[in-house]
> 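Submitted below is the structure of interest, expressed as structure tokens.
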2 protein chains.
Amino acid sequence: MPEFAVPTPKRGRGRPRAGESGSRERILTAAVDEFGELGYDGATVRGIAARAGVDSALVHHYFGTKADLFAETIGSPIRPDVQVPLLLDGPLDGLGERIVRYLLEQWERPDVRKRGVVLMRSALGNKLATPLLSGFLARELLGRIAASIGTPDAELRAGLVASQVAGLIVARYLLKLPAVASASVDDLVARVAPTVQRYLTE
Amino acid sequence: MPEFAVPTPKRGRGRPRAGESGSRERILTAAVDEFGELGYDGATVRGIAARAGVDSALVHHYFGTKADLFAETIGSPIRPDVQVPLLLDGPLDGLGERIVRYLLEQWERPDVRKRGVVLMRSALGNKLATPLLSGFLARELLGRIAASIGTPDAELRAGLVASQVAGLIVARYLLKLPAVASASVDDLVARVAPTVQRYLTE
């Protein structure tokens, strides 16, 4: 079982009325089991609903899509799978900068950084949790970036974008390499965005 | 305490004679304690010797430098702190390629990959182990790269090299993002080396 803790539900769609919180918590517990046993791709909303003894429609009502439910389950403080595809809507030129700036500005928020570090530690430190995160990223984030790039090697290009962005977050917020941790967001964007842009389009 | 296991000593300087193995093991145990309590920079060979109840000269005799002893303590399968500075001896032009190729070729060896993944998981997953690894990297590897670069921003440049290389290793060997995990070493070197070279010299 991955070591993702089930968070106290806080960010669901509306405050649960009396009697609803039991269903919500059963769904979250069922989601942890389903994702843990079947991986991100193998898990289904239908399967989670069955484990929780509720209808699939109730899962969608409380939590939205499978990606939404996964993000809620792991307590993700940001939603790159939602935000980065929005950044893809702009011109391809400058996309590298928009991606690097978005992620750094989010991680600069103390609440995001605190929760993000815990999540990265779980995802990278636990051999059962790692494929769960990579399954989610590959399906919900990198696939969309690759589709925007549109070249035959687009999947590799998207993966290299992920490698640089993940490496930057590891170096700045986990390893805290002094020069990388103390650099300004603007300086890092100026230096790293051309790398991401090159992977995307050159 | 970090969760680095003390490995059975195998790679020391010569086979221990009868009666020596006790001292070697006491030194390794003392090193785990000293590094864990004081961090990489704070630990000293003298302090480790005192904890083990032996003379500093015996520590140097069995294990060499503090960096050698640290690598032995964590069971590191490769020595980038030794090898990468050797790569710095060649022309700066092409250094990015030499660094990326060296690290990928090492990680392609099954024994290195297996042990390296365990080590990366410990170092990134454990909040006490992480600063220990980053202290070692900053002192023994990035400082030397920065000295070779020689610009006022050299430490940041070296840190960004580390971010891309670490991110590539995380993406290929831990997250195993499909396109990155299945790419050839040559293809990855061709795509990633220009990034590393740009951080080093442009």
Side-chain angles (χ1 to χ4, degrees), chain A residues 3 117-118 120-127 129-139 141-143 146 152-184 187-188 191-192 194-199 202, chain B residues 3 117-118 120-127 129-139 141-143 146 152-184 187-188 191-192 194-199 202:
Chain A
E3 287 177 353
V117 165
V118 170
M120 290 278 279
R121 286 199 191 288
S122 300
L124 297 177
N126 181 300
K127 72 179 173 183
T130 309
L132 199 49
L133 180 71
S134 65
F136 172 73
L137 290 177
R139 174 68 60 186
L141 180 59
L142 303 184
D153 63 351
E155 206 197 331
L156 178 54
R157 288 170 175 271
L160 292 175
V161 168
S163 80
Q164 174 60 91
V165 170
L168 182 61
I169 288 172
V170 165
R172 182 172 171 90
Y173 302 106
L174 268 72
L175 293 177
K176 296 180 185 167
L177 299 177
V180 179
S182 65
S184 70
D187 194 9
L188 289 174
R191 290 166 187 269
V192 175
T195 296
V196 173
Q197 189 67 39
R198 193 172 62 77
Y199 292 149
E202 274 174 40
Chain B
E3 288 178 354
V117 165
V118 170
M120 290 278 280
R121 287 197 191 289
S122 299
L124 297 177
N126 180 300
K127 73 179 173 186
T130 308
L132 197 49
L133 181 72
S134 65
F136 172 74
L137 289 177
R139 174 69 57 188
L141 180 58
L142 303 184
D153 63 350
E155 204 196 332
L156 178 54
R157 287 170 175 271
L160 292 175
V161 169
S163 81
Q164 174 59 91
V165 169
L168 182 62
I169 287 173
V170 165
R172 182 172 171 91
Y173 301 106
L174 267 73
L175 293 177
K176 296 179 186 168
L177 299 177
V180 179
S182 65
S184 69
D187 194 9
L188 290 174
R191 290 168 186 268
V192 175
T195 296
V196 173
Q197 188 67 38
R198 191 171 64 75
Y199 291 149
E202 274 174 40

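A note on names: the letters A, B, ... follow the listed sequences, proteins ahead of strands, and every chain is numbered from 1.
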> Can you tell which part of B:A179 gets under 4.5 Å to a heavy atom of chain A, answering side chain, backbone, both or neither?
both

> Check whether B:L168 gets within reach of chain A through its side chain, its backbone, both or neither, counting any heavy atom under 4.5 Å.
both

> For residues A:L188 and B:L160, determine if any side-chain heavy atom of one lies less than 4.5 Å from a side-chain heavy atom of the other.
yes

> Out of A:T130, A:T195, A:V117, which one racks up the most heavy-atom pairs below 4.5 Å with chain B?
A:T195

> For the residue pair A:A154 and A:A146, what are the closest heavy atoms and their distance?
CB-O, 3.3 Å

> Heavy-atom pairs under 4.5 Å with chain B are the metric here; pick the option from A:E155, A:E202, A:R198 that has the most.
A:R198

> Once rounded to the nearest 0.5 Å, what's the spacing between atom CG of A:L177 and atom CG of B:L141?
10.0 Å

> Heavy atoms only: give me the nearest A:L175-B:S134 pair and the separation to one decimal.
O-OG, 3.1 Å

> Less than 4.5 Å apart, any side-chain heavy atom of A:D187 and any of B:L156?
yes

> Is it the side chain or the backbone of B:I169 that comes within 4.5 Å of chain A heavy atoms, both, or neither?
neither

> Using non-hydrogen atoms only, which part of B:V170 is less than 4.5 Å away from chain A: side chain, backbone, both, or neither?
side chain

> Is B:R191 in contact with chain A via its backbone, its side chain, both, or neither, using a 4.5 Å heavy-atom distance?
both

> From B:R121 CZ over to B:L174 CG, what is the distance, rounded to the nearest 0.5 angstrom?
4.5 Å

> To the nearest 0.5 Å, what is the distance between CG (A:N126) and CG (A:L132)?
9.5 Å

> Relative to chain B, which of A:V118, A:V165, A:D153 shows the most heavy atom pairs under 4.5 Å?
A:D153

> If you count heavy-atom pairs under 4.5 Å with chain B, which of A:R172, A:K176, A:R157, A:K127 comes out on top?
A:K127

> Check whether B:V192 gets within reach of chain A through its side chain, its backbone, both or neither, counting any heavy atom under 4.5 Å.
both

